Amino acid sequence: MNADSAPLLETAGLTKHFRLGGYLSNRILHAVDDVDLAIGEQEIVALVGESGSGKSTIARLIARVYRPTGGEIYFRGRPLSAMRSRSEQLAYRGRVPMIFQDPYGSLSPVYRVSHGVLRALKLHRPALSKAARDEVAAQLFESVGLTPGSDFLDKYPYQLSGGQRQRVGFAQALASNTELILADEPVSMLDVSVRIGLLNLMATLRREMRVSFLYITHDIASARYVADRLIVMYAGHIAESGPTEDVLAHPKHPYTQLLLSAVPDPRAPISLPATSSVAEPPRVVDPGEGCRFRQRCPYAIEECALVTPRLRLLRPAHTAACHVATSDIGVPAKEQAATSR
Ligand code: SF4
């Protein structure tokens with residue numbers, strides 16, 4: 001993101017807790033805690049982490065599926081909590097649509113695949129006539145690689161492959177006045193052979209349709225392929241964040257290092273022992289203070305069990321939340337930690 005331009009969307013202290021076991025229970029699941037992130041115009045930001053890290057919860061908070069427990073989300077500087085009227089909420093949903101993981105479950109088998117696109121056009125562009133909606137829908141299918149677009153207007157989901165169905169999801173997301181697409185694991189259920197085509201599609205849409213993406217994935221390799229910036233999540237916290245190539249070349253957080261060591265390297269000898277990731281899952285129910293990665297961390301020190309690490313700037317535009325990670329910009333770790341608390 002250009003440091004001089006205002007972000008398209010940002011979160012400040014975004015927090016989501018779920019009460020487990022009903023109102024009488026006082027066990028609290030900390031799905032997302034105190035997350036600050038920003039997405040710029042025409043930027044692809046990848047939110048990376050394992051299951052339960054909070055990345056999909058953040059997408060659902062931004063999509064207004066969930067209400068935050070704390071913090072705020074700003075879209076073009078306006079807090080979402082101030083968008084009270086139905087028309088304003090509808091306009092926001094049109095500008096920030098979501099694409100889901102399952103291309104098979106997200107389309108109803110009884111409707112034509114154009115149904116969702118035409119419905120979105122009717123809702124968000126009511127001035128269009130029926131003929132104009134058909135024409136725009138065909139153009140949208142073309143823009144996501146379903147050609148000729150008019151051929152797809154009358155098709156049913158059973159006539160499309162998984163990759164084509166997911167392209168329909170992209171067309172549907174583009175049918176409103178789209179500015180930011182929340183793409184929740186959009187390629188993880190597809191064959192490896194078609195994933196790359198959809199990642200390329202994201203890059204093309206960013207360039208040609210001038211949209212931004214929040215790309216949610218557990219696959220750091222695909223994030224590397226398509227994203228300008230990476231945000232690595234662990235147990236509801238941001239562990240590390242920065243420009244993609246810088247984070248991958250200089251990973252500062254031990255969890256990012258673990259994720260990178262798990263990416264298969266075809267050139268590595270087959271007998272090379274993999275970095276161990278086997279450990280108890282992070283404690284996210286009433287987690288208390290301390291680093292949530294400490295049970296798995298080979299570098300943990302006494303402070304890690306007592307004090308929750310805050311994000312510190314360790315390289316230009318590159319932050320990590322770790323007590324022992326070293327800075328490459330000349331500020332001692334202890335000094336930064338003291339100022340960030
Ligand atoms: Fe490991 Fe401590 Fe850093 Fe957490 S704060 S990642 S436990 S060294």
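Counting begins at 1 with the first residue of the sequence. Keep in mind the model is a prediction, meaning the values are calculated, not measured. Order of listing sets the numbers, starting from 1, for every ligand and every atom in it.
One finds the CZ atom of Phe75 at 7.0 Å from the CE atom of Met83 (value rounded to the nearest 0.5 Å). Between atom CD1 of residue Ile238 and atom CG of residue Asp34 there is a gap of 9.0 Å, rounded to the nearest 0.5 Å.
Put simply, the side chain of Ser241 never gets that close to the backbone of Ile231: no donor and acceptor are under 3.5 Å apart.
Shown are the protein N/O/S atoms under 2.8 Å from atom 3 (Fe) of ligand 1, given by residue and atom: Cys322 SG.
Partners of Arg133 according to the salt bridge (charged side-chain N to carboxylate O under 4.0 Å, His left out) rule, which considers only residues two or more places apart in sequence or in another chain, do not exist here. Looking at residues two or more places apart in sequence or on another chain, you find a ring-ring contact (aromatic ring centres under 6.0 Å, His included) between Phe18 and Tyr66.
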Hey, can you pull the donor-acceptor pairs under 3.5 Å for the side chains in residues 134-151, sequence neighbours left out?
residue : atom : partner : partner atom : Å
Asp134  : OD2  : Lys130  : NZ           : 3.4
Glu142  : OE2  : Gly149  : N            : 2.7
Ser143  : OG   : Leu140  : O            : 2.7

